[in-house]
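Notes follow once the structure below has been shown.
The analysis underlying the following values was restricted to heavy atoms, covering all of them including side chains, and did not include hydrogens, waters or symmetry mates. Residues: numbered from 1 along the sequence shown.
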Amino acid sequence: MAELTDHELLTRFARTGEEAAFATLVTRHVNLVWSAARRFTGDDTLAGEVTQAVFIILAQKAGRLSAQTVLTGWLYHTARLTAANALKENRRRQQREHQAYMEATLTPNETNEAWQQLAPVLDEAMHALRTADRDAVLLRFFENKSLADVGAALGVTEDAARVRVNRALNKLRALLAKQGIKFGATAIATAVVENSVQAAPMALAAKVSVIAAKGAATTSAITTLVKGTLKIMAWTKAQTAIVVGITILLAVGTATVVIEKSKVREFSYQGKPLSVWLKEYDNTEEVFANNGKKLHELDKIVNQAGSNAIPTLLQLLRDEDSKGHDFRSNGNEVSNGFRVLGASATNAVSSLINIYEQNPAARVDILYSLNCIGTNADVPIDWLLPKLKDADPQVRAGIAYVLGNMHTKSDQCIPALIECLSDSNRMVRGDTALALGACGADAKPAIPKLVEMLKDKEKGVRRSVALALTEIDPETAIKSGIQ
């Protein structure tokens, strides 16, 4: 059991309801969730309730989390949402007890100067990071993983993980500096490693494992937390938002409408142009407040704009910077616009494809935007297949996963994916195996190559291959010694 990855454990629990698999996940991550909840709420009891709620939500969503989801990041994000939801109901008590709690419970190690200053503002700064940067910091410094393990979790090499972690740490340092916390990156990293994750109460892990796996809450307060957080997550499609990189489901239409901003006046609401309203999607704290009141308001504005929003959305993807704000840097503003429009934005598909080809910096947001539009138009397989040869391994891996999940034109997709199993990049090999697994029995021609890959030098690839064989042909998987 200890050798299985988080996703493998989630898959096993989702398929069989095996409580031991879920208990292993709880044991791995309960300290991170509880420590984050404790900082968010400033209250041990409330932190325990938040922790239980987070793992109940995980149990309910176990079968829907992508293999590309970094569970550490997902749990941290969900803990924040749940804690914010809890504090809404407990704000008076939290304000009264927080100072007394901090004074009474800080350990001697936590009294160092850096941590005393960091603790009150750390999680807000973490929230301001992009998802990929936040995941890197969480894995490296909160969970104290090696760079090799960070790379494996993020689907990059160890050297690439080192670059990403250093970049993310410097961004965190800059954000903290704006709050008056002016320690160096090394001092911040050391303080976070030593103090950010503390041991949860001994009985909590066992309690959470049993309660969450059964989907039951012990109190009405926890039930309220679960329902409230799930509602917020449904509004914002948060499950899709913490998917790492560009490994997403891509649905591309064939409409030929090309819309230029210069030809259409930007839609305005209450005297403010749509681009200004879209910028507010990036203020997650405000968007989530009051049960997503701001989110409803912004969605209503985009809905009111309707097809008139499309020229603005496309232009924001084209521009390096718009009025001092990079709308592509966070993957929130433009993709949220297309999320609201959904199938009604099908006529923007060809324009999105054109921007993808012309502006590599916007690829991630374009792919996510296409995903938000849906599968209402025919998918241009001929556009996707050549990208399996792209120089960027992230693109190759993402397109492979996309092709595997479209369940269309198997006669073209399956041979192309089998060829990708020989890719030199481990991330591409692993994601291609998972893509073939998503094709189910249609991918049986890939079985000989997948069986051969059970001896791949990369452990992560071997795991993906084992999962794929289980999906394609369970009998072959059993004969190959896969449990």
Side-chain angles (χ1 to χ4, degrees), residues 1-30 32-33 54-55 57-76 78 135 138-139 143 145-146 148-156 205 208-209 212-213 239 242-245 247-249 397 400-401 404-405 421 426-440 443 446-447 450-451 453-483:
M1 183 69 67
E3 294 296 321
L4 296 179
T5 66
D6 288 343
H7 183 68
E8 288 167 344
L9 289 167
L10 276 176
T11 299
R12 179 172 291 190
F13 173 71
R15 289 176 179 168
T16 68
E18 183 182 322
E19 293 185 10
F22 195 84
T24 300
L25 286 171
V26 172
T27 300
R28 285 183 187 177
H29 299 290
V30 67
L32 170 76
V33 173
V54 167
F55 282 102
I57 293 168
L58 176 63
Q60 293 183 19
K61 289 184 171 288
R64 287 174 280 169
L65 293 183
S66 163
Q68 307 309 312
T69 299
V70 177
L71 188 60
T72 295
W74 188 92
L75 288 169
Y76 182 84
T78 305
D135 287 344
L138 285 166
L139 291 166
E143 293 202 330
K145 290 185 179 294
S146 68
D149 288 340
V150 173
L154 299 179
V156 299
V208 167
S209 296
Q239 178 180 341
I242 65 166
V243 173
V244 176
T247 309
I248 56 176
L249 305 179
Y401 192 81
N405 280 277
L421 291 174
R426 64 180 180 181
M427 175 177 62
V428 177
R429 295 198 304 276
D431 280 4
T432 301
L434 293 173
L436 286 163
C439 295
I447 288 177
L450 289 170
V451 171
M453 290 177 66
L454 288 171
K455 297 180 181 179
D456 193 281
K457 63 181 180 179
E458 297 290 347
K459 187 175 183 180
V461 174
R462 296 197 299 272
R463 288 171 174 165
S464 296
V465 169
L467 285 173
L469 283 170
T470 301
E471 295 288 342
I472 296 169
D473 187 355
E475 187 174 331
T476 297
I478 292 172
K479 290 180 180 179
S480 300
I482 299 171
Q483 298 180 350

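Using a 4.5 Å heavy-atom cutoff, the side chains of Thr72 and Asp135 are not in contact. Put simply, the side chain of Leu58 reaches to within 4.5 Å of the side chain of Leu71, judged on heavy atoms. A heavy-atom distance below 4.5 Å is found between the side chains of Leu25 and Leu10. Leu138 has its side chain out of reach of Val70: every pair of non-hydrogen atoms, C-beta onward, lies at least 4.5 Å apart.
Atom OG of residue Ser464 and atom CG of residue Leu436 lie 11.5 Å apart, to the nearest 0.5 angstrom. Note that the NE2 atom of His29 and the CG atom of Asp6 stand 3.5 Å from one another [nearest 0.5 Å]. Rounded to the nearest 0.5 angstrom, Leu434 CG and Cys439 SG are separated by 11.0 Å. To the nearest 0.5 Å, the span separating CG on Leu75 from OG1 on Thr69 amounts to 10.5 Å. For the atom pair Leu4 CG and Thr24 OG1, the distance stands at 8.0 Å (nearest 0.5 Å). From Asp431, atom CG reaches atom CZ of Arg426 across 11.5 Å, with rounding to the nearest 0.5 Å.
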**Request:** May I have the step-by-step check of side chain to side chain contact (heavy atoms under 4.5 Å, CB included) for Thr11 and Thr470, ending in yes or no?
**Result:** CA-CA 11 Å; Thr11 299; Thr470 301; over 6 Å; no
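Scored by the side-chain hydrogen bond (donor to acceptor under 3.5 Å, both in side chains) test, Thr476 finds Asp473 as partners (sequence neighbours excluded). The side-chain hydrogen bond (donor to acceptor under 3.5 Å, both in side chains) test applied to Arg462 returns no partner, not counting sequence neighbours. Residues passing the side-chain hydrogen bond (donor to acceptor under 3.5 Å, both in side chains) test with Asp456, sequence neighbours excluded: Arg429.
When all heavy atoms of Leu139 and Ala153 are compared, the closest pair comes out as CD1-CB, 3.7 Å. In plain terms, the two heavy atoms of Ala433 and Leu421 that are nearest each other are N-CD2, 3.8 Å.
Between the side chain of Arg28 and the backbone N or O of Ala23 there is no donor-acceptor pair closer than 3.5 Å.
Ring geometry for Phe13 versus Phe22: interplanar angle of 30 to 60°, hence tilted.
A salt bridge does not link Glu8 to Arg12: none of the charged nitrogens lies less than 4.0 Å from a carboxylate oxygen.
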